[in-house]
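Notes for the one structure printed next.
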Amino acid sequence: MNDVNTMRAISQDTLGGPEVLKEVRLERPEPRPNEVLVRVRAAGVNPTDWKHRANGGFLGEPPFVLGWDVSGVVEAVGIGVAAFRPGDEVFGMLSYPFGHGSHAEYVTAPARTFTHKPDGIDHVQAGALPLVSLTAWQALVERADLRPGQRVLIHAAAGGVGHVAVQIAKARGAYVIGTASAGKHEFLRSIGVDEPLDYRGTDFAEVVKDIDVVLDTIGGETSVRSLRVLRPGGVVVSILPVGSADFYEEAERLGVRAVRMLVDADRSDMRQIAELVESGGLRATVAKTFPLADAAQAHALGETGRTTGKLVLVVD
Ligand SMILES: NC(=O)c1ccc[n+]([C@@H]2O[C@H](COP(=O)([O-])OP(=O)(O)OC[C@H]3O[C@@H](n4cnc5c(N)ncnc54)[C@H](OP(=O)(O)O)[C@@H]3O)[C@@H](O)[C@H]2O)c1
């Protein structure tokens, strides 16, 4: 392999801590029919990256290259691609879970994965958005059908998914209650939260009521307890394992809905997210960027579970 045909990527040979991540040279992929080759400029790091690094998850045994978020520049297009041409700036989420591999200099994916990057944001912003925005959009808009004037509770509202979900909920005219530790309440207000709640000092299930939609980013007991703050007919959309069958049984008993979801790549959802960005209704807060080579540091910081907004890898 000579340098022109290869690329830098972050790979791993074993499951384990951040130290298993290493920079390698791999063959540069070529776009097949209906695919584009994108030169990655920035790629968000998400909890699913460090979970897969540690336990293999959907991917099983390494070696593999992680990363689902992409913002970059189209380098080449395969036969049949009409929507893009080389030089176009695009962003999107690789098919979840098996399309992974954006923590590298180049990635190929079906053209339908991507949409044009809004002009008003840079690649770091755009690379932060796809996975968390699709998650929040699909939970609030598609699963919950969130309407103007409805009351929504967003757990971990300062996190990657949460801070984007708050903005999507506000754009749809909802009243937003968001949980975070007290030091993050000013941040929550700055992104539009109407009522910040300190989950450490207060039990949300005791003080919150008449909620139409809960976005559950915590799972387990929190999923079940979230059902109790709903109005009749309300819905909890959980994006994590809900622990037990109690979630569904308790929902039936209370006359509410319990929904579990997994994010799915979708160009028309990405287009609506891009429109929200273009209209000024959605911005990612980027807590820290790292060069691609320092992916292990990004994993280690993310894994503390205290990030406000997003961590992003920048590919020079
Ligand atoms: N099913 C899916 O498709 C899907 C998609 C995306 C994400 N997820 C999952 O959703 C979870 C959240 O993802 P993320 O990207 O938002 O994570 P993240 O950015 O790492 O979340 C960090 C935030 O969580 C907050 N937090 C931690 N424990 C909390 C608690 N008990 N109550 C309220 N806030 C709490 C922290 O605030 P404080 O410092 O104030 O505690 C911090 O701001 C992850 O487990 C991820 O794997 C699932």
Side-chain angles (χ1 to χ4, degrees), residues 43-55 57-58 66-69 93-100 127-140 142-143 153-168 176-191 193 195-205 207-208 214-223 225-226 229 236-243 259-266 269 273 284-288 298-312:
V45 181
N46 291 287
T48 192
D49 290 306
W50 54 81
K51 291 176 187 175
H52 278 93
R53 184 210 69 224
N55 62 33
F58 295 117
L66 294 170
W68 283 268
D69 281 329
M93 184 191 78
L94 302 177
S95 175
Y96 189 85
F98 298 114
H100 60 97
L129 282 170
L131 187 146
V132 291
S133 306
L134 283 171
T135 303
W137 185 274
Q138 289 167 6
L140 295 177
E142 291 181 357
R143 305 299 164 94
L153 169 64
I154 296 173
H155 289 295
V161 173
H163 89 296
V164 164
V166 167
Q167 297 172 70
I168 291 172
V176 179
I177 301 167
T179 68
S181 52
K184 296 184 176 177
H185 286 194
E186 209 177 302
F187 170 70
L188 291 196
R189 287 196 189 281
S190 77
I191 56 170
V193 170
E195 248 181 81
L197 190 70
D198 179 5
Y199 70 91
R200 290 182 180 165
T202 317
D203 178 357
F204 74 91
V207 297
V208 178
V214 178
L215 176 55
D216 169 30
T217 57
I218 308 293
E221 264 301 289
T222 300
S223 314
R225 298 179 71 248
S226 293
V229 307
V236 173
V237 183
S238 182
I239 60 171
L240 281 167
V242 289
V259 174
R260 167 92 172 88
M261 73 152 257
L262 196 61
V263 67
D264 199 8
D266 186 288
D269 289 349
I273 288 159
T285 292
V286 176
K288 199 164 165 74
H299 276 229
L301 183 60
E303 253 175 315
T304 64
R306 301 274 82 84
T307 306
T308 299
K310 292 290 305 165
L311 304 175
V312 179

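Keep in mind it's a predicted model, so treat the numbers as computed, not measured. Every number for a ligand or one of its atoms is a count from 1 in the order of the listing.
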Would you please classify the geometry between the Trp68 ring and the Tyr96 ring as parallel, tilted or perpendicular, with 30° and 60° separating the classes? tilted
Distance-only check: which donor-acceptor pairs under 3.5 Å involve side-chain atoms of residues 153-163, not counting sequence neighbours?
| from | atom 1 | to | atom 2 | distance (Å) |
| --- | --- | --- | --- | --- |
| His155 | NE2 | Ser226 | OG | 3.0 |
| His163 | ND1 | Gly159 | O | 3.0 |
| His163 | ND1 | Gly160 | O | 2.9 |
| His163 | NE2 | Thr285 | N | 3.0 |

Under 4.0 Å, heavy-atom basis, I'd like to know which part of Thr135 is in contact with ligand 1: side chain, backbone, both or neither. side chain
Run the numbers for me: atoms of ligand 1, each under 4.0 Å from some heavy atom of Val263, listed by number. 2 (C), 3 (O)
Going by distance only, is there an N or O of Thr48 that falls short of 3.5 Å from an N or O of ligand 1? no
Applying a strict 4.0 Å limit to heavy atoms, is Asn46 in contact with ligand 1? no
Does a side-chain heavy-atom distance below 4.5 Å link Val263 with Met93? yes
Test your reading of the structure: does Val132 have an N or O sitting under 3.5 Å from an N or O of ligand 1? no
Per-atom contacts of ligand 1 with Thr179, taking only distances under 4.0 Å to non-hydrogen atoms: 33 (C)
Please confirm whether Leu131 comes under 4.0 Å of ligand 1, counting heavy atoms of the residue only. yes
Could you tell me which atoms of ligand 1, counted from 1 in the order shown, lie closer than 4.0 angstrom to a heavy atom of Ile218? 29 (C), 30 (C), 31 (N), 32 (N)
If we ignore hydrogens and angles and just use 3.5 Å, is the side chain of Ser181 paired with the main-chain N or O of Gly183 as donor and acceptor? no
Against heavy atoms of Lys51, which atoms of ligand 1 measure under 4.0 Å? 44 (C), 45 (O), 46 (C), 47 (O)
Output the list of atoms in ligand 1 that are nearer than 4.0 Å to some heavy atom of Ser181, sorted by atom number. 38 (P), 39 (O), 40 (O)
Just distances here: any N/O of Leu240 and N/O of ligand 1 closer than 3.5 Å? no
Contact summary for Ala165 and Leu215, nearest pair of heavy atoms: CB-CD2, 3.4 Å
Return the option from Ala287, Gly159, Gly305 holding the heavy atom at the smallest distance from atom 36 (C) of ligand 1. Gly305
The protein heavy atom nearest to atom 37 (O) of ligand 1 is Lys184 NZ, 3.4 Å
When you compare ligand 1 with Thr308, is there at least one nitrogen or oxygen pair between them that comes in under 3.5 angstrom? no
Give the residue and atom name of whichever protein heavy atom lies nearest to atom 43 (O) of ligand 1, and the separation in Å to one decimal. Thr307 O, 2.7 Å
Under a plain distance cut-off of 3.5 Å, with no hydrogens placed, do Gln138 and Asp264 share a side-chain donor-acceptor pair? no
Kindly say whether Leu131 contributes a backbone atom to a donor-acceptor pair with the side chain of Asp69 at under 3.5 angstrom? yes
Which of the atoms of ligand 1 are close to Ala180, meaning less than 4.0 Å from one of its heavy atoms? 40 (O)
Which ligand 1 atoms are under 4.0 Å away from a heavy-atom of Thr217? 11 (C), 12 (C)
Ile239 N/O under 3.5 Å from ligand 1 N/O: yes
Student check: side-chain heavy atoms of Val164 and Lys310 closer than 4.5 Å: no
Sequence neighbours left out, what pairs pass salt bridge (Lys or Arg N to Asp or Glu O under 4.0 Å) with at least one residue falling in residues 43-55? Arg53-Glu303
Once rounded to the nearest 0.5 Å, what's the spacing between atom CZ of Arg260 and atom CZ of Arg143? 10.5 Å
Check for a donor-acceptor pair, side chain of Thr202 on one end and backbone N or O of Tyr199 on the other, with a separation under 3.5 Å. no
Can a non-hydrogen atom of His155 be found less than 4.0 Å from any atom of ligand 1? no
For ligand 1, which atoms have a heavy atom of Arg200 less than 4.0 angstrom away? 41 (O)
